[in-house]
Amino acid sequence: MLSRDYAGAIFERTDARRALAEEVGRVLEGNAGLTAEERIVRLEVPAGDLDPLRWLGSQVMRPRSFWSGREDGTAVAAVGVADVVEGDGTAPDASLRERLALLSSGARYYGGLRFDPERGADEEWGAFGAHRFVLPRFELLRRGDEATLACNLVLPRDAERAGELLDELEGLTVPEGWPGSDGPLPTPVSRVDRPDRAGWGENVRSALEAFEAGRMDKVVLARRVDLGFGEDLDAVSLMETLREATPGCFHFLVEPEDGAAFLGASPERLFRREGRGISSEAVAGTRPRGASEVDDAELREELLGSAKDQAEHSIVRVSIEESLGALCRELKVEDRASEMKLARGRHLVSRIRGILREGVSDADVLAALHPTPAVGGYPKGEAIGEIRALEPFDRGWYAGPIGWIGADGAEFAVGIRSGLVRGGRLSLYSGAGIVVGSTPDGEWAEIEQKISDFTRVFGLDPEERDARA
Ligand SMILES: C=C(O[C@@H]1C=C(C(=O)O)C=C[C@H]1O)C(=O)O
Ligand SMILES: [Mg+2]
């Protein structure tokens, strides 16, 4: 039997779709045949207590995406494309700026960039493009307890598509079985490490040689761990479970086509812009959380007192200060790293705030900041060269900027603690900052700890002993 609340909620959600259809019909009719200048119109209706990931999981429309910020408690699930800015260039510049000028308040383009746009994409990343920003057709947003269903229209071109649009709206499903009770995620049946332990040892030693020769101070080297499943993996269910296990993180999912989804739970902000104000942060230097309170306090002191981790960290802080300094008329940088505590790990963090000069765009900020030495290295050019030479896979969107751009603001996370779902395979990507003092075993273990957010949700117990090495 349906409880009265449950039946009432279903009614409210179906109603939201109907209310939105009416709004869309009204706006499109009013604009039919007009040759007005292009503009974006955003329509929103209340949608009761819907959960964005639940909603997303039940949609058949593609592409799908999900974003939730680290602090602001807003989650956005989106399907379809009202407009897209994509290309092979290193940063979405002129075209995106042009499209953004059309934005009405509240509308945002969601997307990201490859870590290394100049390196051609391997086949598994083909659908993602070098950069791709989508103004979704439909969104389900949730702030606190209230959900909103939204539709973005690009006028006048969408005025010709009234029938198609109303069909799409009709096709939006209302999730069944709320509150949901999903079965457990499948268990991996295979694991392949790229590079393997021997290859990793060679990569780390090659980096240490480059430091000795004075060619570099830091390079972030990554590994890829492929988990194989006996069945297709549902990316939205995985996102849901991962999100619960990783509070205090940015959560993102980008699924450009059926069966290919990039998703993750990143603790690291690349930047956030509000008007001319910008904030960024250096996040580098790592220890796990302890099993007991005493253990945990010890690990905290160990991290704060580690010369190796402090050096690894300050390279990132100095580099962000240099990059943003050139774009800002004011800049404040914390001169001492503090602790960022996560569910399963901890990092050193230093926060940076500034005021951007007039005329500096989000694309300028992306080009100046990415990749910071938290995911690339220092100097930037040498480090990228080393990564290209040593890593036996394409990073794709891993460690690239991922987030949204709106009219009055923008926010990007660093796309780490992430993986690519393709059918029945999940490729996990994770890196560690290699500096003087790094050892192959220590950095291998640090990466094991970083991917444990994922491996834990599949019931694989990480090697806790190694993580303390
Ligand atoms: C590169 C990653 O993380 C980065 C590397 C860190 C380190 O080596 O201490 C810490 C945080 C991030 O800056 C990753 O998680 O893939
Ligand atoms: Mg480290």
Side-chain angles (χ1 to χ4, degrees), residues 113-119 193-195 199-211 215-225 264 266-270 280-287 303 306 308-320 322-323 337 340 345-350 369-402 412-419 427-451:
L113 279 69
R114 282 173 61 75
F115 170 78
D116 182 358
E118 277 159 39
R119 181 198 191 283
D193 286 273
R194 234 173 283 209
W200 176 251
E202 281 164 30
N203 283 1
V204 173
R205 278 187 290 275
S206 156
L208 294 173
E209 276 162 26
F211 306 149
R215 284 194 285 119
M216 257 184 331
D217 297 321
K218 173 177 180 179
V219 61
V220 180
L221 294 179
R223 302 203 272 115
R224 175 175 135 188
V225 178
S266 169
E268 186 172 345
R269 165 175 287 139
L270 183 63
S280 179
E281 62 195 22
V283 179
T286 305
R287 284 294 182 284
L303 175 62
S306 157
K308 180 257 183 189
D309 288 85
Q310 290 283 355
E312 187 183 335
H313 179 86
S314 40
I315 290 172
V316 182
R317 179 176 48 207
V318 168
S319 165
I320 294 179
E322 278 173 11
S323 311
M340 172 189 271
R346 49 174 28 103
H347 296 300
L348 295 174
V349 61
S350 313
L369 273 180
H370 174 74
T372 75
V375 289
Y378 195 84
K380 210 178 269 198
E382 278 73 8
I384 298 282
E386 193 79 355
I387 288 168
R388 281 185 194 145
L390 295 179
E391 286 180 0
F393 54 85
D394 175 15
R395 286 190 179 193
W397 280 32
Y398 157 69
I402 184 149
F412 283 87
V414 181
I416 54 174
R417 315 296 145 87
S418 52
S427 301
L428 299 175
Y429 300 82
S430 192
I434 312 300
V435 291
V436 171
S438 287
T439 63
D441 285 353
E443 304 297 351
W444 178 279
E446 187 172 307
I447 290 176
E448 281 303 293
Q449 189 254 308
K450 286 171 179 156
I451 66 167

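Side chains included, hydrogens not; waters and symmetry mates left out as well; all remaining heavy atoms used. Quick caveat, the model's predicted, so the values are computed rather than measured. One-based numbering along the sequence shown.
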**Request:** Locate the shortest heavy-atom distance separating Val349 from Glu281; write the atom from each residue and the value.
**Result:** CG2-CB, 4.2 Å

**Request:** Kindly indicate whether the side chain of Val204, heavy atoms from C-beta on, has any atom under 4.5 Å from the side chain of Thr439.
**Result:** no

**Message:** Once side-chain hydrogen bond (donor to acceptor under 3.5 Å, both in side chains) is applied, do any residues pair with Ser314, and if so which ones, sequence neighbours excluded?
**Reply:** none

**Request:** Please list, chain by chain and in numerical order, all residues satisfying salt bridge (charged side-chain N to carboxylate O under 4.0 Å, His left out) with Glu268, sequence neighbours excluded.
**Result:** none

**Asked** Charged N to carboxylate O under 4.0 angstrom, Glu312 versus Arg287?
**Response** no

**Asked** Which of these, Ile402, Thr372, Val283, Leu270, sits in a side chain to side chain contact (heavy atoms under 4.5 Å, CB included) with Val414?
**Response** Leu270

**Asked** Which residues satisfy the salt bridge (charged side-chain N to carboxylate O under 4.0 Å, His left out) test with Lys380, sequence neighbours excluded?
**Response** none

Just list the side-chain donor-acceptor pairs under 3.5 Å for residues 388-397, sequence neighbours left out, or say none.
unit_1: Arg388; atom_1: NE; unit_2: Asp116; atom_2: OD2; d: 2.7
unit_1: Arg388; atom_1: NH2; unit_2: Asp116; atom_2: OD1; d: 3.0
unit_1: Arg388; atom_1: NH2; unit_2: Asp116; atom_2: OD2; d: 3.3
unit_1: Glu391; atom_1: OE1; unit_2: Arg395; atom_2: NE; d: 2.8
unit_1: Glu391; atom_1: OE2; unit_2: Ala222; atom_2: N; d: 2.6
unit_1: Glu391; atom_1: OE2; unit_2: Arg395; atom_2: NE; d: 3.4
unit_1: Glu391; atom_1: OE2; unit_2: Arg395; atom_2: NH2; d: 2.7
unit_1: Asp394; atom_1: OD1; unit_2: Arg114; atom_2: NH2; d: 2.9
unit_1: Asp394; atom_1: OD1; unit_2: Gly396; atom_2: N; d: 2.9
unit_1: Asp394; atom_1: OD2; unit_2: Arg114; atom_2: NH1; d: 3.1
unit_1: Asp394; atom_1: OD2; unit_2: Arg114; atom_2: NH2; d: 3.4
unit_1: Asp394; atom_1: OD2; unit_2: Asp122; atom_2: N; d: 2.9
unit_1: Arg395; atom_1: NH1; unit_2: Val375; atom_2: O; d: 2.9
unit_1: Arg395; atom_1: NH2; unit_2: Val220; atom_2: O; d: 2.8
unit_1: Trp397; atom_1: NE1; unit_2: Gly129; atom_2: O; d: 3.0

**Message:** Between Glu322 and Val318, is there a side-chain heavy-atom distance shorter than 4.5 Å?
**Reply:** yes

**Message:** Just to verify, what does Asp217 make a salt bridge (charged side-chain N to carboxylate O under 4.0 Å, His left out) with, not counting sequence neighbours?
**Reply:** none

**From CG (Leu221) to CD1 (Ile447), nearest 0.5 Å** = 8.0 Å

**Message:** Is the shortest side-chain heavy-atom distance between Thr286 and Leu303 below 4.5 Å?
**Reply:** no

**Prompt:** Got a salt bridge between Lys450 and Glu443, using NZ or NE/NH1/NH2 to carboxylate O under 4.0 Å?
**Reply:** no

**Fill in**
Minimal heavy-atom distance between Gly201 and Pro440, with the atoms involved, is CA-CB, 3.9 Å

**Asked** Got a second to check how far Arg215's CZ is from Glu382's CD, nearest 0.5 Å?
**Response** 8.5 Å

**Prompt:** Which atoms form the tightest heavy-atom contact between Lys308 and Gly433, and what is the distance?
**Reply:** NZ-O, 4.1 Å

**Message:** With side-chain contact (heavy atoms from CB on, under 4.5 Å) as the criterion, how do Ile384 and Arg119 come out once you've worked through the C-alpha distance, each side chain's angles and the decisive distance to 0.1 Å?
**Reply:** CA-CA 10 Å; Ile384 298 282; Arg119 181 198 191 283; over 6 Å; no

**Message:** If you compare all heavy atoms of Tyr429 against all heavy atoms of Gly419, which two are closest, and at what distance to 0.1 Å?
**Reply:** CD1-CA, 4.3 Å

**Fill in**
Note: Ala383 and Gly377 closest approach over all heavy atoms is CB-CA, 3.4 Å

**Request:** Output all residues satisfying salt bridge (charged side-chain N to carboxylate O under 4.0 Å, His left out) with Arg224, sequence neighbours left out; order by chain, then residue number.
**Result:** Glu124, Asp226

**Asked** Relative to each other, are the rings of Trp444 and Trp200 parallel, tilted or perpendicular (30° and 60° limits)?
**Response** perpendicular

**Request:** List the steps, then state whether salt bridge (Lys or Arg N to Asp or Glu O under 4.0 Å) holds for Glu386 with Lys218.
**Result:** CA-CA 10 Å; Glu386 193 79 355; Lys218 173 177 180 179; over 6 Å; no

**Item:** pair Phe115-Ile387: side-chain heavy atoms closer than 4.5 Å
**Value:** yes

**Asked** Is there side-chain contact between Pro379 and Met216, with at least one heavy-atom pair below 4.5 Å?
**Response** yes

